[in-house]
Amino acid sequence: MELPFAESWRIKMVEPIKKSTREEREQWMKDANYNLFQLRAEQVYIDCLTDSGTGAMSDRQWAAVMMGDESYAGSSSFFHLKDTITKITGFEYVIPTHQGRAAENVLFSHLVKEGSIVPGNSHFDTTKGHIESRKAVALDCTIDEAKDTQLEIPFKGNVDPKKLEKALAEHNEKVPFIIVTVTNNTAGGQPVSMQNLREVRAIADKYGKRVVLDSARFAENAYFIKTREEGYADKTIKEIALEMFSLADGMTMSAKKDGIVNMGGFIATRHEDWYEGAKRFCIPFEGYLTYGGMNGRDMEALAVGLDENTEFDNLETRIHQVEFLASLLDEYGIPYQRPVGGHALFVDADKVLTKVPKEEFPAQTLAIELYLEAGVRGCEIGYILADRDPVTRENRFGGLDLLRLCVARRVYTDNHMRVIAAALKNVFDRRDEITRGVEIVWEAELMRHFTVKLRRL
């Protein structure tokens, strides 16, 4: 008989988690102003808020921690990390930062000016925030098919070449660079094909523009290219990643995702002028150039994590668990962004809570209901995260309203996935009883979802 799928790792250490009562969760949720970011970790049973910094490091990574060189300048750990990054990406110039949004802040401080227009595929929250805070425009050029959550196409995260070319034809002088997020988080963790990256590169070359990859989950994107795109089945993940980066000019990286570390990030580029420009902002914002915002021990762990997570077996185990969760939701008929992405499952809240008006934020309401049901913490990727239009100050309701259930790397078992699915089914079964959502009582001007205060209606 065919052997069942098994993880490519075994467990050496465990951390206890505690269950809670419905009554306790009701009070905790009220105390948190119905914002799941404001819950305490010990109030959560299964945490699907994010896969950022929540993964379990390997034995090799923990061993590397002990080798960290904490020298202020010229740390050997930096050069080890730099060599690993250059080997995987081909980029010669590297600046470490404390996480992905710091990498964006440093690079965008050099490149983005008031009035700039930055086209890309569904800029994620911090990316959009760093652009709009500089009074610039984050222009979404994602393919229209991404908005149909039930449509099954392999590369739903792609940039629409026609939209991109139109943007460059109309706003060429205002565009400092093109950004492509791999995978496309806001659209549901959807990958970008190599062919699409080639198309973006050709358009960029035509208009004399450079391309940045938002690379938090580049290894997962390479996995999907290997398993879905013709001509790549026999290539290694490292070979595919190197080809992806050969089509770009630089990258920002939240190493807390595909680097499988708890904190860290970096900028890498092939262009010395970008490196020299970003250096001016690294030192005052992050720290000296050979540590940026990272400890030496974290740079050592990241070098190992990048090497491990650009191997097929590690990625297959990780993505299989997300696919397993999706298969359970398929059994229950719960709609999500299809096909399932690499790091999370994105439930289509507009199709679940059909009686909750968009002005009352269905995805956030669904996230609250799931937590109250079983202590499972998810994250709204929808109308609250979209923020307000910077000019009209109206809520932006044009995109998808999704409940993201992230799966931390090498942390939970398939039994945890069964609990998540069963809890979501219980909410789904009583969806017609949920007719009211939440309203905002206080919000920050940018990236409001982290600190927003809500009232249940």
Min side-chain heavy-atom separation N196-N121 under 4.5 Å: no

Side chain to side chain donor-acceptor pair (under 3.5 Å) evaluation trace for S8 with D313: CA-CA 6 Å; S8 62; D313 285 352; 6.0 Å; no

4.5 Å side-chain heavy-atom contact, N221 and I225: yes

Electrostatic pair E70:R297 at N-O distance under 4.0 angstrom: yes

Among V180, I178, N184, side chain to side chain contact (heavy atoms under 4.5 Å, CB included) partner for V159: V180

Within 6.0 Å of CD in E445, more than 12 heavy atoms from elsewhere: no

Donor-acceptor pair, side chain of D350 and main chain of L400, under 3.5 angstrom: no

Ion pair check, K425 and E373, cut-off under 4.0 Å: no

Ring-ring centroid check F177 F108, cutoff 6.0 Å: yes

Side chain proximity check, M263 to K256, heavy atoms < 4.5 angstrom: yes

Flag for T413-N415: side-chain donor and acceptor within less than 3.5 Å: no

Whether R404 side chain and I381 backbone form a donor-acceptor pair below 3.5 Å: no

M251 CE to T89 OG1 distance, which is reported to the nearest 0.5 Å: 6.0 Å

Close side-chain approach of T183 and Y223, heavy atoms under 4.5 Å: no

Approximate separation, where rounding is to 0.5 Å, of Y45 OH and R377 CZ: 15.5 Å

E220 bridged to R318 by N-O distance under 4.0 Å: yes

I85 CD1 to I267 CD1 distance, which is reported to the nearest 0.5 Å: 11.0 Å

Residue list, ring-ring contact (aromatic ring centres under 6.0 Å, His included) with F346, at least two apart or on another chain: H343

Q150 and K351: side chain donor to acceptor below 3.5 Å: no

Evaluation steps, side chain to side chain contact (heavy atoms under 4.5 Å, CB included), between D214 and V182: CA-CA 6 Å; D214 179 345; V182 289; over 6 Å; no

Over all atoms of both residues, closest heavy-atom pair of D401 and A363: OD2-N, 2.8 Å

Test item: N35 side-chain N/O and F450 main-chain N/O as donor-acceptor pair under 3.5 Å: yes

Aromatic contact, F397 with Y383 (centres under 6.0 Å): yes

CZ (R22) with more than 12 external heavy atoms under 6.0 Å: yes

Closest heavy-atom pair and its distance - G305, Q61: CA-NE2, 3.4 Å

Heavy-atom check, side chain of T181 versus side chain of S122, under 4.5 Å: no

NZ (K279) with more than 12 external heavy atoms under 6.0 Å: yes

Side-chain donor/acceptor of K19 to backbone N/O of G375, under 3.5 Å: no

Stepwise side chain to side chain contact (heavy atoms under 4.5 Å, CB included) test for I95 and W274: CA-CA 11 Å; I95 296 176; W274 273 12; over 6 Å; no

Nearest heavy-atom neighbours spanning N262 and M57: OD1-CE, 4.4 Å

E443 with R388: basic N within carboxylate O range, under 4.0 Å: yes

Residue pair K163 / D144, side-chain heavy-atom distance below 4.5 Å: yes

Side chain to side chain contact (heavy atoms under 4.5 Å, CB included) assessment of I143 paired with N158: CA-CA 6 Å; I143 59 172; N158 280 354; 4.0 Å; yes

Side-chain ion pair, R338 and D330, N-O less than 4.0 Å: yes

Test log, rule side chain to side chain donor-acceptor pair (under 3.5 Å), inputs R410 and T317: CA-CA 9 Å; R410 306 189 290 210; T317 296; over 6 Å; no

Rounded distance [0.5 Å steps], OH in Y34 versus CD in Q364: 11.5 Å

Ionic contact status for D258 with R409, cut-off 4.0 Å: yes

Stepwise side chain to side chain contact (heavy atoms under 4.5 Å, CB included) check, V137 with I131: CA-CA 6 Å; V137 176; I131 293 169; 5.7 Å; no

K18 with E24: basic N within carboxylate O range, under 4.0 Å: no

Spacing of R217 atom CZ and M253 atom CE [to the nearest 0.5 Å]: 9.5 Å

Close side-chain approach of E23 and Q27, heavy atoms under 4.5 Å: no

Side-chain (Q190) to main-chain (G188) donor-acceptor, under 3.5 angstrom: yes

Among V340, V407, D414, I319, side chain to side chain contact (heavy atoms under 4.5 Å, CB included) partner for F324: D414

R396 with E132: basic N within carboxylate O range, under 4.0 Å: yes

Taking every non-hydrogen atom, the tightest pair across H98 and E286: N-OE1, 2.7 Å

Check: F78 ring centre within less than 6.0 Å of Y291 ring centre: no

E26 and K30: CA distance, side-chain angles, deciding distance, salt bridge (charged side-chain N to carboxylate O under 4.0 Å, His left out) verdict: CA-CA 6 Å; E26 290 273 5; K30 183 178 179 182; over 6 Å; no

Closest contact, heavy atoms only, V175 versus P119: CG1-CD, 3.6 Å

NZ/K135: more than 12 non-hydrogen atoms of other groups inside 6.0 Å: no

Heavy-atom check, side chain of F428 versus side chain of L329, under 4.5 Å: no

Exceeds 12 heavy-atom contacts within 6.0 angstrom, atom CH2 of W62: no

Between CE on residue M294 and CG on residue L302, distance to nearest 0.5 Å: 5.0 Å

Salt bridge (charged side-chain N to carboxylate O under 4.0 Å, His left out) evaluation trace for R436 with E360: CA-CA 7 Å; R436 299 302 306 272; E360 296 178 12; 2.9 Å; yes

Nearest atoms (heavy-atom pairs only) where V118 meets P176: CG2-CG, 4.0 Å

